[in-house]
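From a predicted model like this one, the values you see are computed outputs, not experimental measurements.
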Amino acid sequence: FTHAGVTSAFFRRDGGFFVRTDGPDGDVQEFGIAYTFGAVPLQQYLVEFPDGRLQALPLCWDTRSEGEGGQRWFHLYPDEQIAPGDPLHWTGPLFNWNSRCAECHSTNLKKNYNAAEDGYSTSWSEIDVSCEACHGPGSEHVAWGRAVVLELPPPEVEHMGLAVRLEDAGRDSWIINRETDKGVRLAPTVQTEEIETCARCHSRRTTLTDDYEFGRPLGDTHRLALLEPDLYHVDGQILDEVYVHGSYIQSRMHAAGVTCSDCHDPHSLGLLFPGDQVCARCHTAAKFDTAGHHFHEPGTEGAHCVDCHMPPRNYMVVDPRHDHSLRIPRPDLSLALGTPNACNDCHRDKSVRWAADKVAAWYGPDRRAEPHWGEALWAARQRRPVAGSRLLAVLADPEVPAIARASAVSLMPGYLTPVSLGAVETALKDDDPLVRRAALTVLEAVDLQTRLRLGSPLLDERVLTVRMQAAQLLASVPDSELGFGQRSLLRSALNDYEKAQRYNADRAEGRLNLGWLDIQRHRLAEAEREYLVALGMAPWFSPAYVNLADLYRLMERESEGEQVLRRGLERAADRADVHHALGLLFARAQRQSEALEQLEQAMLLAAGVPRYAYVYGIALNSAGRTAEALEVLHRAHEASPMDREILFGLATISRDAGAAAEALAYAHKLTQLAPYDPGVRQLVAALEGAS
């Protein structure tokens, strides 16, 4: 198989399986295949290296039939040339089975990464997914079953000896409401174990430990991703590969108490009933499987439930995954937000306007067109003036899914007022740990005393991910500001944080976090070592260059910091954060022209980041280029009208340039955004006094 100029060959020899392909140095060489990985619709192959790493080849076998386009070799990145040293090369960390794949494809996995030797001695009870992967250790269940078969008194154990009972007594208690033709659960479920057991693997998350205890909340061992821009569309539809859970907990089905096994048979890996029949258990076919509902010829494409409510996206080239948010198609939202919709997924030759008009004509004035929480997330990411009020409305609505409310509160730092801070304080007490965790991140933008007052109660939070977030928030608080009990809780929570990062010390992100923690503990030499290891692991990882250079600033080793950042630009010339850091370094060294060059480049590379425009504008003004500075800040203000730094820069530079009226106008805008900020009040008073 030839891809991007590299010809690879798979072959057998002496009963073994081998591949000849490009290795970590780019040379074509021979590797033994240790395992096949996956079954349908594709197989990958694992190569074992001497340090215990198992690396997944990007060359895959398409197991589908020839009629479906299968029975062929293909590359996971068919249109890209992946050279050694690239993050996506198969010998690198992103294709490492031990840390990226193994937990969800094996049973009782222990990663066993040895940081000192940078190797693995990964172990498992079974190489694939067995009963115990979901039900936990089974020896007591076997003893119980043996006693039943032999008609002996069964052992005194709960749940038939299983570690966790995934069956819900009310699962089958569904009836059809004849007014709505929809299913209603007679006994609301209070059990979360099944969904969170499935979510352990069927979610986009970071694993914090492999000391998994069945039945514990997911947040005790895994950090679930929110609706982040690189993972989800702004309205929550799937974008990157997110593995179902984050989509499903957005759905009205989840809110109604539907669990995974209401639709899926976890043992056969199939649906309980074929096709639309599984939906018809709760949504009667007489009402919903009709042309009057879906406006398509029954049995044709577009008439099936999943076509409109669970559109698929292909990942790994040939693997379709259905969006489990089970949403009603909203082409009108596509017009407003630029998001996809199921109508245009099929009717690719038609415009979004056409689809929106069709829906409006079909369903008339009663169609679903209510405000959607995605509009608030979009407004916040686009820095629209209405964003603050929209985010508050999302936070205040208990009908909005928790993952959406958590994503909304995470966007609040740019819109903090006394009112919104009160909403954040309420969110810190929310029933859902995702919301509590996200609310803690907002407190990084408030003063020390407020941060301590609101954040410290969560240092002994019962869910690990929330407790760790509180520890990150308060790590830099001086001991003198903490009571004895607070100091003890903070130390304990930081120890939890450190343990999680050491578990992930085989990843550059984990090393970066350990370096940050060392700085908080005033262990600068240890921090330097962690950052250097991170760069050795992932030379393309720009935050490690930036953090290491900043550490050298603290250590008064600026010349070494410059060398680090220049190396970073050699590996990642398109990274705005590295250009920005180098520009600041030059500014500190009074190397004005070089500083301006780097700061401008950062602004151009990250046009949506107002901070970069603000710093560049201030630097231009300091260089005596006031007109250019105002022009840069004007453009940034048009793009981000809610950004306070930009407004402050416009007000002060205009004031110093003698444009008092313009300065006062900007200051009044700033007052609307930060009415209680004493610095803003002083600026307005001074400008009004001068006029």
Side-chain angles (χ1 to χ4, degrees), residues 192 196 205 217-220 222-229 231-232 234-236 245-246 249-250 254-255 371-381 383-384 386-475 477 486 489-490 493 497 642 673-676:
T192 61
E196 295 223 323
R205 76 285 179 273
L218 180 68
D220 266 353
H222 297 78
R223 181 184 173 90
L224 185 68
L226 299 183
L227 304 179
E228 295 158 11
L231 301 180
Y232 296 87
V234 73
D235 63 348
H245 179 72
I249 58 177
Q250 301 173 41
H254 175 257
H372 189 277
W373 46 261
E375 295 170 290
L377 302 189
W378 179 86
R381 291 176 186 169
R383 300 180 181 272
R384 294 293 190 264
V386 297
S389 59
R390 288 186 176 180
L391 291 174
L392 283 174
V394 169
L395 277 177
D397 188 350
E399 298 298 315
V400 172
I403 192 171
R405 287 188 291 114
S407 301
V409 75
S410 73
L411 294 168
M412 290 298 298
Y415 308 95
L416 275 181
T417 66
V419 173
S420 58
L421 185 58
V424 172
E425 185 171 0
T426 300
L428 290 166
K429 302 169 187 173
D430 196 271
D431 289 340
D432 196 285
L434 285 180
V435 180
R436 299 197 299 274
R437 189 190 93 199
L440 280 166
T441 66
V442 181
L443 299 183
E444 295 173 4
V446 303
D447 63 272
L448 176 63
Q449 291 306 317
T450 304
R451 197 186 321 160
L452 191 56
R453 176 175 63 85
L454 298 180
S456 61
L458 282 82
L459 286 171
D460 62 349
E461 156 79 38
R462 64 186 183 278
V463 177
L464 174 65
T465 47
V466 182
R467 196 163 65 245
M468 283 173 47
Q469 196 69 57
Q472 284 180 265
L473 173 72
L474 300 174
V477 175
Q486 290 175 323
L489 288 172
L490 178 57
Y497 177 85
M642 297 289 290
L673 297 177
Y676 302 97

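Interatomic distance, OG1 of Thr426 versus CG of Leu421, reported as 9.5 Å (0.5 Å rounding). Ile249 contributes atom CD1, which lies 4.0 Å from atom CD1 of Ile403 (distance to the nearest 0.5 angstrom). Distance CG/Leu489 to CG/Leu458: 11.0 Å, rounded to 0.5 Å. Taken to the nearest 0.5 Å, the CG atom of Leu464 stands 10.5 Å off from the CZ atom of Arg223. Interatomic distance, CD of Glu444 versus CZ of Arg451, reported as 8.0 Å (0.5 Å rounding).
Pairs passing the side chain to side chain donor-acceptor pair (under 3.5 Å) check and including a residue from residues 456-468, sequence neighbours excluded, read Arg436-Glu461, Ser456-Gln486, Arg467-Asp496.
Looking at residues two or more places apart in sequence or on another chain, you find no salt bridge (charged side-chain N to carboxylate O under 4.0 Å, His left out) involving Arg381. With sequence neighbours excluded, the residues forming a salt bridge (charged side-chain N to carboxylate O under 4.0 Å, His left out) with Glu425 are Arg453, listed by chain and number. Qualifying ring pair (Phe, Tyr, Trp, His ring centres under 6.0 Å) partners for Tyr497, counting only residues two or more places apart in sequence or in other chains: Trp516. Listed by chain and residue number, Tyr248 satisfy the ring pair (Phe, Tyr, Trp, His ring centres under 6.0 Å) test with His254 (two or more places apart in sequence, or in another chain). Arg383 pairs by the side-chain hydrogen bond (donor to acceptor under 3.5 Å, both in side chains) definition with nothing, not counting sequence neighbours. For Asp431, the side-chain hydrogen bond (donor to acceptor under 3.5 Å, both in side chains) test picks out no residue, with sequence neighbours left out. Not counting sequence neighbours, the partners of Arg405 by the side-chain hydrogen bond (donor to acceptor under 3.5 Å, both in side chains) test are Asp430. In terms of the side chain to side chain contact (heavy atoms under 4.5 Å, CB included) criterion, residue partners of Pro371 (sequence neighbours excluded) are, by chain and number, Glu375. Partners of Thr441 by side-chain hydrogen bond (donor to acceptor under 3.5 Å, both in side chains), not counting sequence neighbours: none found. Residues satisfying the side chain to side chain contact (heavy atoms under 4.5 Å, CB included) test with Ala406, not counting sequence neighbours, are Leu226, Leu434, Val435, Ala438.
Here the side chains of Trp373 and Gln250 are in contact, with some heavy-atom distance below 4.5 Å.
Nearest heavy atoms, Val466 versus Pro433: CG2-O, 3.5 Å. Considering all non-hydrogen atoms of both residues, Ala225 and Leu231 come closest at CB-CD1, 3.6 Å. Residues Leu490 and Leu474 share a closest heavy-atom pair of CD2-O, 3.6 Å. Here the closest heavy-atom approach between residue Leu428 and residue Ala439 is recorded as CD2-CB, 3.6 Å.
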Without placing hydrogens or testing angles, list every side-chain donor-acceptor pair under 3.5 Å for residues 387-400, not counting sequence neighbours.
unit_1, atom_1, unit_2, atom_2, d
Ser389, OG, Val386, O, 3.0
Asp397, OD1, Glu399, N, 2.9

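A distance-only check finds a donor-acceptor pair linking the side chain of Tyr415 to the backbone of Ala380 [under 3.5 Å].
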Does the side-chain contact (heavy atoms from CB on, under 4.5 Å) test come out yes or no for Arg437 and Val463, once each step is laid out? CA-CA 9 Å; Arg437 189 190 93 199; Val463 177; over 6 Å; no
When you look at Val424 and Leu454, which way does the side-chain contact (heavy atoms from CB on, under 4.5 Å) test go after all the steps? CA-CA 9 Å; Val424 172; Leu454 298 180; 5.8 Å; no
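Between the side chains of Ser420 and Thr417, at least one donor N or O lies within less than 3.5 Å of an accepting N or O.
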